[in-house]
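Notes follow the structure.
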There are 4 protein chains.
Amino acid sequence: MTRTRREQAEWRREQLLDAALRVFAAKGVDGASVKDISDAAGVTPGLLYRYFESKEALVETLLAERGFLPRLRELLTATGRDARPATEVLTELLAAFDGLLADNADLVAVFFSATHARAAMAELVREGQRLIGDFLAARVAAGELRPHDTATAARTVFATVAVSRRTGSPVDVERLVELLFPDER
Amino acid sequence: MTRTRREQAEWRREQLLDAALRVFAAKGVDGASVKDISDAAGVTPGLLYRYFESKEALVETLLAERGFLPRLRELLTATGRDARPATEVLTELLAAFDGLLADNADLVAVFFSATHARAAMAELVREGQRLIGDFLAARVAAGELRPHDTATAARTVFATVAVSRRTGSPVDVERLVELLFPDER
Amino acid sequence: MTRTRREQAEWRREQLLDAALRVFAAKGVDGASVKDISDAAGVTPGLLYRYFESKEALVETLLAERGFLPRLRELLTATGRDARPATEVLTELLAAFDGLLADNADLVAVFFSATHARAAMAELVREGQRLIGDFLAARVAAGELRPHDTATAARTVFATVAVSRRTGSPVDVERLVELLFPDER
Amino acid sequence: MTRTRREQAEWRREQLLDAALRVFAAKGVDGASVKDISDAAGVTPGLLYRYFESKEALVETLLAERGFLPRLRELLTATGRDARPATEVLTELLAAFDGLLADNADLVAVFFSATHARAAMAELVREGQRLIGDFLAARVAAGELRPHDTATAARTVFATVAVSRRTGSPVDVERLVELLFPDER
DNA sequence: CATGAATGAGTTTTCATTCAT
DNA sequence: TATGAATGAAAACTCATTCAT
């Protein structure tokens with residue numbers, strides 16, 4: 001109950017970021033007012049400016065601190081998979097990616113709405129595709145997967161999962177993997 | 001140079017829609033002001049209201065009149081393809097779809113930015129996936145393509161083309177088709 | 001059917017004044033737009049400016065040309081009454097005044113709404129009270145009515161009729177006269 | 001000089017209502033801009049919207065909070081009059097009513113100008129006439145006043161005082177009462 | 001730390017008025 | 001005579017931001 005100053009400040013900061021994320025996702029960055037956000041956080045607009053320089057700084061902080069690129073990287077490079085079949089690992093990977101997007105639906109919405117976020121989103125996509133492509137290439141090199149254009153394949157699965165999430169009709173990742181690698185079960 | 005009143009009005013209307021599309025794509029619907037649009041069209045803000053009831057009505061008109069769903073439908077249902085190999089037709093189809101998105105990049109941007117456009121975009125995606133899926137299913141039934149989950153395949157190619165366009169790194173549709181149907185060349 | 005230029009112009013002018021009167025009465029002078037008026041007249045706003053210099057000029061013309069002060073004067077000074085009993089004449093007079101207000105309800109509304117019309121209305125009231133006062137004084141002098149403060153009496157009946165009209169509950173003028181002159185029937 | 005937040009807000013609210021009342025009275029509700037009002041209050045237009053939802057809400061608040069119907073009711077029903085002669089009480093009553101209108105000249109002007117206020121004004125008139133009518137009827141029943149149409153009489157005195165106030169030539173209430181009840185002095 | 005009154009620069013929208021056709 | 005496209009100025013209103021308390 002008793003928080004130190006520092007804890008309290010940290011807690012408030014996070015609370016504001018939470019509120020901002022929710023509100024931005026619902027109304028879009030431009031459509032949401034500072035008042036909307038402070039209302040959602042149960043504080044007054046003025047307080048927001050003790051924690052963030054401006055509305056724009058708030059958006060940037062959100063993108064920087066809540067961005068899930070690190071988590072995506074983790075997911076896609078997790079070790080201890082070498083022993084398991086490529087299609088199994090790939091399925092799991094895509095499911096994890098799908099889950100990541102689901103968990104961060106609000107942030108994804110911000111990525112889509114904000115003109116600012118264009119670059120951040122592009123980076124996410126590039127990185128994701130590269131990591132999946134590397135995985136596929138390694139397994140092709142190992143002779144486990146048939147030779148194919150791994151970059152295109154990575155791009156394909158990545159895009160499919162992302163769009164499916166965004167349009168609200170989640171994809172069945174098993175089927176997706178089977179579509180691409182029908183013989184490697 | 002001399003235009004009738006009616007022609008002038010029609011021309012101005014289109015010009016305003018053009019300007020709005022450009023500005024909305026660049027700044028987002030919420031980020032663009034009516035003044036931005038009228039400036040882009042070289043007129044005064046008031047004039048916009050002779051042609052459209054409100055900024056919102058302008059967005060709706062844009063989505064309704066400049067929507068490329070009809071063109072998409074045309075593309076995907078064009079006849080005279082029965083005689084040609086499925087992969088060839090599919091490649092052509094996806095290239096056309098990619099071209100359509102390229103031609104309508106601004107509108108696509110609006111679809112992405114506007115909270116209003118969420119529904120319109122979802123419909124576009126659904127329709128596109130359905131039409132491609134139907135095509136694939138017919139060719140599978142005809143024994144030309146290997147049996148596979150045609151719905152997932154449709155979703156895959158559709159999403160891949162769309163995301164590639166959006167992220168600015170156009171996909172090579174031939175490679176995409178070959179990835180899915182390596183043996184049907 | 002064929003009108004001379006002059007006739008046509010006169011007719012249109014009157015039509016515009018009619019429309020303006022109706023619209024001003026309904027929405028108030030400030031609340032009514034030039035477009036409202038031209039719409040009501042079935043013409044375009046531009047045309048209005050061929051007949052009147054400005055919206056304000058239109059109001060002034062309305063007050064000047066449609067003012068019923070002349071008619072009021074006529075009513076209150078009509079001759080051929082000397083032979084009849086004062087209360088009878090007074091009753092008839094007030095009824096006629098009431099009728100005049102009813103016939104000009106729209107104009108009265110404009111008088112009330114327009115800040116401009118304050119002076120015109122005051123003049124109307126003054127004149128009306130003076131004329132009724134003169135009538136009463138003459139009859140007192142003739143010994144037909146009891147001596148009383150004729151100015152106050154005039155003001156009283158005038159105000160009563162006017163307010164009753166305006167608030168929508170027309171007064172029974174016979175009762176009003178009987179109230180003031182119970183013995184002079 | 002030092003005011004608490006709450007006091008300051010309350011004070012500002014009243015100040016804005018004061019300013020609005022003055023400006024509305026001078027220019028009419030439609031003729032007055034929000035800027036006119038904020039200028040009169042020495043603040044920026046935006047501040048007005050912290051205290052009132054819209055210009056229309058401001059008018060309604062004015063009518064509701066500054067309406068003098070309660071005060072009118074008080075005046076006309078004040079007790080402790082039974083012992084005094086009816087004409088004396090009536091004279092005093094009308095003088096008080098006249099004073100009330102004088103004190104609220106601005107509000108009366110708003111009543112006259114605003115299309116919205118039509119209903120509020122009608123209620124005021126109705127109520128006022130009813131209360132005066134009741135008073136007269138009681139005194140007739142008590143045999144103190146001659147039998148007469150008390151409703152018409154009430155309407156008469158009410159209208160006379162109101163119009164006189166409005167047209168700027170205050171009535172002499174003693175004379176008015178004497179006109180109606182010449183023998184009851 | 002937190003409030004919320006206040007600002008100023010913007011927003012969308014309206015409208016009296018002009019003028020080429 | 002009549003139209004209606006276009007303007008410019010102002011309207012109502014919003015909102016990010018500041019600051020005294």
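Order of the sequence lines sets the chain letters (A, B, ...), proteins ahead of strands, with each chain counted from 1.
Nearer the 5' end of DNA chain F, as judged by each residue's closest nucleotide, is the contact made by W11(C), out of V43(B) and W11(C). Closest-nucleotide positions on DNA chain E for V34(C) and P45(A) were compared, and the one nearer the 5' end corresponds to P45(A). For the pair Y49(D) and G46(C), both in contact range of DNA chain F, the more 5′-proximal nearest nucleotide belongs to G46(C). Two residues, S54(C) and L48(A), neighbour DNA chain E, and the one matched to the more 5' nucleotide by heavy-atom proximity is L48(A).
For the pair Q8(B) CD and dG4(F) P, the interatomic distance rounds to 14 Å; values are reported in whole Å. Counting to the nearest Å, the P atom of dA5(E) and the CD atom of Q15(D) are 14 Å from each other. In this structure, E53(D) atom CD and dA12(F) atom P are separated by 16 Å, rounded to whole Å. We find that CG of D39(C) is positioned 11 Å from P of dT3(F), with the value rounded to whole Å. Across the protein-nucleic acid pair, L58(D) atom CG and dC13(F) atom P stand 10 Å apart, rounded to whole Å. The CD-C1' distance, from E10(D) to dG4(E), rounds to 15 Å in whole Å. Between the CD atom of E56(D) and the C1' atom of dC13(F) there is a distance of 14 Å, rounded to whole Å. Rounded to a whole Å, the CG atom of L16(C) is 12 Å from the P atom of dT1(F).
Residue A57(C) is classed as having no contact, given no heavy-atom separation below 4.0 Å to the nucleic acid. In this structure, T44(C) reaches the bases: a heavy-atom distance under 4.0 Å links it to at least one base atom across the strands shown. Note on F52(B): nothing from the nucleic acid sits closer than 4.0 angstrom, heavy atoms only. Residue-level contact check: R50(C) touches the bases, meaning some heavy atom is under 4.0 Å from a base atom. Using a 4.0 Å heavy-atom cutoff across all strands shown, A41(B) reaches no nucleic acid atom at all.
Tested against R13(D), the residues Q8(D), R50(D), E65(D) include a single side-chain contact (heavy atoms from CB on, under 4.5 Å) partner, E65(D).
Close to dA2(E), at under 4.0 Å from its OP1 or OP2, lies a side-chain N or O of R12(A). OP1 or OP2 of dA16(F) sits under 4.0 Å from a side-chain N or O of K55(A).
Shortest non-hydrogen contact noted between L16(D) and A41(D) is CD2-CB, 3.7 Å. Here the closest heavy-atom approach between residue D36(A) and residue G31(A) is recorded as OD2-O, 4.1 Å.
Under 3.5 Å, the side chain of R5(D) and the base of dT3(E) form at least one donor-acceptor pair of N or O atoms.
Residue E14(D) places its CD atom among more than 12 non-hydrogen atoms of other residues, nucleotides or ligands, all under 6.0 Å distant. E10(C) CD: more than 12 foreign heavy atoms inside a 6.0 Å radius.
Checking dA5(F), dA6(E), dC15(F) against every side-chain atom of L47(B), the shortest atom distance belongs to dA5(F).
In this entry dT21(F) has dA2(E) as its Watson-Crick or G-U wobble partner, both defining distances falling under 3.5 Å.
A donor-acceptor contact closer than 3.5 angstrom links the side chains of R12(B) and Q15(B).
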